[in-house]
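So the structure is just underneath, and the comments pick up after that.
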2 protein chains.
Amino acid sequence: MTQSGPEAATLPLDSIVRGDCIEVMEGLPESSVDLIFADPPYNLQLKGDLHRPEGSRVDAVDDDWDRFASFETYDAFTRAWLKAARRVLKPDGAIWVIGSYHNIFRVGASLQDAGYWILNDVVWRKTNPMPNFRGKRLTNAHETLIWAAKSEKSRYTFNYDALKALNEGTQMRSDWTLPICSGHERLKGADGHKAHPTQKPQSLLHRVLVGSTDPGDVVLDPFFGTGTTGTVAKMLGRRFIGIEREQAYIDAAEERLSRVRPYEKAALCVSQGKRSEPRVPFGTLVERGLLRPGETLVNSKGVMAKIRADGTLCSDKLTGSIHQVGAAIDGAPSCNGWTYWSFIRDGQRVPIDSLRQQIRAELI
Amino acid sequence: MTQSGPEAATLPLDSIVRGDCIEVMEGLPESSVDLIFADPPYNLQLKGDLHRPEGSRVDAVDDDWDRFASFETYDAFTRAWLKAARRVLKPDGAIWVIGSYHNIFRVGASLQDAGYWILNDVVWRKTNPMPNFRGKRLTNAHETLIWAAKSEKSRYTFNYDALKALNEGTQMRSDWTLPICSGHERLKGADGHKAHPTQKPQSLLHRVLVGSTDPGDVVLDPFFGTGTTGTVAKMLGRRFIGIEREQAYIDAAEERLSRVRPYEKAALCVSQGKRSEPRVPFGTLVERGLLRPGETLVNSKGVMAKIRADGTLCSDKLTGSIHQVGAAIDGAPSCNGWTYWSFIRDGQRVPIDSLRQQIRAELI
DNA sequence: ACGACTACTGAATCTCATC
DNA sequence: GGATGAGATTCAGTAGTCG
């Protein structure tokens with residue numbers, strides 16, 4: 001456990017902190033943040049002087065050493081900020097990091113070495129990438145995001161049903177097709193030039209935050225830039241913390257954030273699956289008289305079982321819960337009894353799950 | 001310079017060498033191979049069984065060759081084979097490595113450390129990936145390939161125009177959409193079971209070899225398996241060398257190769273093609289800011305519904321997709337939400353389908 | 001011949017509350 | 001903290017059978 005001074009006791013919510021992200025994160029309380037979104041620099045300093053993390057200059061002797069020293073420096077930087085980030089994450093927190101082939105392999109390996117648990121790598125397919133002008137390589141049409149939990153045991157947030165809804169009813173895949181940030185969304189400086197070289201599109205953050213946070217969650221961006229993370233977080237009713245070194249980016253981000261109008265609260269309520277609904281023991285249906293002890297249930301193949309007064313089933317072979325008996329009949333490892341069994345009304349098979357729906361409706 | 005004995009002076013062209021790939025590559029003459037394609041073990045780290053919702057068991061990759069004690073062990077293995085591979089590459093040679101998020105970050109970092117020069121990372125988007133059965137993560141719908149030259153100074157082979165032609169006249173991008181290997185292409189053993197758990201599709205190798213080799217080039221595959229690399233190399237008039245440890249895989253590959261008929265020289269640029277109208281989820285319009293969560297849609301009779309952040313609609317009665325809510329309002333069995341709903345701009349009703357057209361235009 | 005229908009499959013780090 | 005048991009969870013495609 002780290003001793004935290006009083007200055008570390010509170011989170012600077014919905015604001016931008018100026019400074020080096022490692023130092024600033026070390027000053028934040030540990031286990032306090034739900035999600036981190038990071039777009040780190042990937043300048044590998046392949047040209048010019050090289051410096052070790054502590055500042056000394058590397059005396060490059062040949063190409064191999066030059067390259068190695070450069071990667072070593074970048075790795076040290078990566079390990080340092082990932083360690084500081086992991087400390088401020090809640091135990092069930094998660095991180096997203098975005099990068100290109102220049103740096104993402106080093107970041108991914110460092111994530112694994114630091115104890116993060118990779119959940120998916122996600123490909124952002126750009127609909128409108130910059131072409132390869134010289135025709136010497138493939139058009140670099142994507143970037144890679146890594147989604148990782150703080151640890152293997154983290155029970156991370158994943159709004160499966162919301163993302164499935166965003167994808168019109170089929171599971172969200174690990175490849176996302178979205179345009180780059182351009183047009184009105186792209187921030188311009190006073191000179192009309194783009195305010196930040198690598199501004200990310202809001203659509204990308206929308207999908208990240210809808211999928212891996214809930215309203216009210218705290219989202220930290222240690223490389224805030226011009227504040228796309230904060231902008232989308234504010235729109236979606238999440239809290240944000242931004243860390244940025246350059247005052248010019250902070251100024252642009254502050255101005256941008258001041259113009260953001262959050263969505264209505266009702267619109268933030270997102271599709272939920274059955275997992276979020278209250279549990280209803282099967283015995284409740286018997287207690288309430290929706291099913292009678294002695295009544296017969298059937299599965300889709302016509303196999304029958306009798307209901308007993310305590311809410312267990314009794315078939316030829318076995319007695320047990322609706323799940324256990326269903327699994328035993330099919331020789332399956334498990335079974336959802338709610339969708340497996342039906343009762344008979346007016347000669348028709350009616351799924352018992354409809355009775356559970358009835359009970360749940362009463363509970364509201 | 002390494003002293004090469006006479007036994008190392010010749011290349012075992014168009015044949016499979018049985019043995020450990022590191023030892024075998026160390027026995028090959030240095031600077032003798034044009035391209036390496038490597039599909040190393042992914043180190044999946046699977047734990048228990050996984051079952052599909054209907055109860056069947058997923059046939060997982062649990063082979064001995066994919067088990068490593070730790071990341072350190074895996075890294076040592078990776079560094080060793082990458083070093084041996086780099087020695088046999090010609091100065092202008094290149095390498096392709098394929099992997100998933102389990103291993104690709106470690107492989108990519110090791111490639112960079114070993115002095116290879118990354119040219120592109122390429123995403124193989126699977127049209128038909130295995131779903132995520134438990135709904136706990138995104139569907140793992142892609143794998144990653146890294147294309148790297150032996151060194152920064154290598155003048156590597158890149159057939160820009162051939163790939164452009166394969167891509168119907170526009171530059172080949174870094175994301176490739178191809179189906180997984182199934183059906184008749186998938187090799188089966190005598191028992192009818194798949195001969196290799198991770199056989200790659202020939203279409204993938206086709207694109208790799210057309211793009212980065214010339215006819216007559218020597219292609220080495222240190223993890224030959226059932227020989228997809230050799231098969232496509234032979235079809236395309238390239239020479240191949242396969243290295244494989246398991247005799248069962250070698251037997252299957254030999255038989256497969258014996259059936260391969262090389263293409264006629266004129267027939268190299270074929271295949272590919274199918275391109276239908278891309279599906280656009282309604283949620284995409286929300287993510288991209290074309291419609292706001294909280295905004296109201298209307299049908300032709302003026303009935304209204306509100307948009308939520310995940311792209312679902314919320315009316316008086318019902319919450320669901322644009323199609324579901326439209327159907328419910330009309331009491332119809334189904335409904336095309338795209339033509340059913342309009343949004344309001346400047347007091348005018350505008351069909352949401354016009355926004356879909358806009359997105360589709362970007363996707364082409 | 002063709003359509004309807006069933007069965008099967010793919011590199012997968014795939015649960016969680018309660019006792 | 002480990003064991004137990006409820007119960008939630010799938011997409012695109014191929015191949016084969018039957019009518």
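Source: prediction; values computed, not measured.
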Checklist entry - The side chain of A:I118 lies closest to which of these nucleotides: C:dT13, D:dA15, C:dG10? => result C:dT13
Checklist entry - Is the distance between the ring centroids of B:Y249 and B:H196 less than 6.0 Å? => result yes
Checklist entry - Is there aromatic stacking of A:W117 against C:dT13, centre distance under 5.5 Å, plane angle under 30°? => result yes
Checklist entry - Of the candidate nucleotides D:dG7, C:dA17, C:dG10, which contains the atom at the shortest distance from the side chain of B:R134? => result D:dG7
Checklist entry - Contact class for B:D66 (heavy atom, under 4.0 Å): base, sugar-phosphate, or nothing? => result base
Item to check | Within 45° cone and under 6.0 Å: B:R207 NZ/CZ vs B:W176 ring | outcome: yes
Item to check | Rounded distance (Å) that lies between atom P of D:dA15 and atom CZ of B:R186 | outcome: 13 Å
Checklist entry - Do the rings of B:F224 and B:F240 sit parallel, tilted or perpendicular, given the 30° and 60° boundaries? => result parallel
Item to check | Euclidean distance for P, C:dC14 against D:dG7 (whole angstrom) | outcome: 23 Å
Checklist entry - For C:dT6, does the glycosidic angle fall within 90° of 0 (syn) or outside that (anti)? => result anti
Next on the checklist: Distance to the ring centre below 6.0 angstrom and angle to the axis at most 45 degrees; does that hold for A:R86 and A:Y116?
Outcome noted: yes
Item to check | Residue mapping more 5' on DNA chain C - nearest nucleotide basis, B:K136 or B:H196 | outcome: B:H196
Checklist entry - Which residue, A:E152 or B:P129, contacts DNA chain C at a nucleotide closer to its 5' end, judged by nearest heavy atom? => result B:P129
Item to check | Of the listed nucleotides C:dC14, D:dG13, D:dA8, the one nearest the side chain of B:N132 | outcome: C:dC14
Checklist entry - What's the closest nucleotide to the A:Y160 side chain, out of D:dT10, C:dA12, D:dG7? => result D:dT10
Item to check | Nearest listed nucleotide, side chain of B:V61, among D:dG7, C:dT9, C:dA11 | outcome: C:dA11
Checklist entry - Contact class for B:K47 (heavy atom, under 4.0 Å): base, sugar-phosphate, or nothing? => result nothing
Item to check | Residue-phosphate contact under 4.0 Å: B:R52 side-chain N/O, C:dA12 OP1/OP2 | outcome: no
Checklist outcome for this item: From the candidates D:dT9, C:dT13, D:dC11, the one with an atom nearest any side-chain atom of A:N336 is D:dT9
Checklist entry - Checking all strands, does B:D39 fall into the base, sugar-phosphate, or nothing category for heavy-atom contacts under 4.0 angstrom? => result base
Next on the checklist: So if I take every side-chain heavy atom of B:N140 and compare against C:dA11, D:dA6, C:dA12, which nucleotide ends up nearest?
Outcome noted: C:dA12
Item to check | Within 45° cone of B:W65 ring axis and under 6.0 Å: B:R245 NZ or CZ | outcome: no
